[in-house]
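For reference, the structure is listed below as structure tokens.
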Amino acid sequence: AQTVTQSQPEMSVQEAETVTLSCTYDTSENNYYLFWYKQPPSRQMILVIRQEAYKQQNATENRFSVNFQKAAKSFSLKISDSQLGDTAMYFCAFMGGDMRFGAGTRLTVKP
Amino acid sequence: DTGVSQNPRHKITKRGQNVTFRCDPISEHNRLYWYRQTLGQGPEFLTYFQNEAQLEKSRLLSDRFSAERPKGSFSTLEIQRTEQGDSAMYLCAGSSGGARETQYFGPGTRLLVL
């Protein structure tokens with residue numbers, strides 16, 4: 001069974017600095033997708049970034065980028081130039097057959 | 001805004017009552033998923049539809065839970081004889097295309113069973 005582990009329940013970062021959220025997963029599949037979703041307080045979950053396992057190049061979306069290490073089954077999210085609006089729960093998710101989510105990391109951006 | 005809506009946003013009910021939630025994805029979403037999220041946890045898969053067909057159900061979906069998507073558009077999730085342990089956020093998500101396309105989430109229905 002696929003499992004997703006986010007080992008950092010809470011993190012904080014100063015505004016304008018960089019922070020990295022970690023995620024590891026366990027699977028025997030070779031073809032899968034990985035996602036980072038953001039869930040702001042009392043608001044709906046939105047997609048931050050997506051990575052296809054067959055692509056070696058790390059995905060990037062503006063200030064958000066990932067470090068995908070397939071052999072290590074690691075998928076970390078780097079947020080550059082953190083903004084107050086980045087404060088949210090961040091969920092790492094693995095999609096092989098069904099979608100599995102990690103327990104989340106609560107990120108607080110401090111002014 | 002993902003375009004996926006859910007109603008009601010909040011529901012308080014007494015133990016033993018039945019509740020029904022509705023999810024309206026956008027028209028392009030041929031796949032529709034239901035998840036349950038408890039406090040401090042990530043969403044857990046419950047079931048999904050491809051068009052009107054319910055293709056997979058999690059072991060979490062007890063026989064008190066039933067979901068439908070009668071015309072392949074909106075979907076309903078009903079919980080019969082609610083229990084306090086059913087208290088959670090119920091999320092739906094839609095996707096278009098194949099099985100590994102990105103899922104777009106609705107705002108959720110927060111259920112509190114007293």
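The chains referred to below are lettered A, B, ... by the order of the sequence lines, with proteins before strands, and numbering in each begins at 1.
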Separation of B/Y33 OH from A/M99 CE (nearest 0.5 Å):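 Taking CE in A/M99 and OH in B/Y33, the distance rounds to 7.5 Å.
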
Interatomic spacing from SG in B/C92 to CD in A/Q44 - rounded to 0.5 Å: 9.5 Å

Taking atom [atom1] of [X] as the centre, does the number of heavy atoms from other residues, nucleotides or ligands within less than 6.0 Å exceed 12?
X: A/E15; atom1: CD; result: yes
X: B/I12; atom1: CD1; result: no
X: B/L39; atom1: CG; result: no

State yes or no: do [X] and [Y] share one hydrophobic cluster built from I, L, V, M, F, W and Y residues joined by side-chain heavy-atom distances below 4.5 Å, directly or via other members?
X: A/Y33; Y: B/Y48; answer: yes
X: A/L21; Y: A/M89; answer: no
X: A/V19; Y: A/F68; answer: yes
X: B/L61; Y: B/V113; answer: yes
X: A/F91; Y: A/I49; answer: no

Interface moiety of A/E52 toward chain B, non-hydrogen atoms closer than 4.5 Å: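 Neither the backbone nor the side chain of A/E52 comes within 4.5 Å of chain B.
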
Portion of A/R43 that has a non-hydrogen atom of chain B nearer than 4.5 angstrom: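 No part of A/R43 comes within 4.5 Å of chain B.
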
Residue B/Q37 versus chain A: region with a heavy atom under 4.5 Å: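 Answer is side chain: those atoms of B/Q37 sit under 4.5 Å from chain A.
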
Interface moiety of B/E56 toward chain A, non-hydrogen atoms closer than 4.5 Å: side chain

Partners passing side chain to side chain contact (heavy atoms under 4.5 Å, CB included) against B/R69 (at least two apart in sequence or in another chain): B/P25, B/L32, B/F49, B/S75

Set of residues satisfying side chain to side chain contact (heavy atoms under 4.5 Å, CB included) with respect to A/A72, sequence neighbours excluded: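 A/Q69, A/S74.
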
Side chain proximity check, [X] to [Y], heavy atoms < 4.5 angstrom:
X: A/I46; Y: B/F105; value: no
X: A/Y37; Y: B/Q103; value: yes
X: B/Y35; Y: A/M45; value: no

Which of B/S58, B/A93, B/G106 touches chain A most, by non-hydrogen pairs under 4.5 Å: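 The answer is B/G106.
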
Part of residues 101-111 of chain A lying next to chain B, heavy-atom separation under 4.5 Å: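 Checking residues 101-111 of chain A against chain B gives A/F101, A/G102, A/A103.
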
Ring pair (Phe, Tyr, Trp, His ring centres under 6.0 Å) against A/F94, all qualifying residues, sequence neighbours excluded: A/Y25, A/Y32

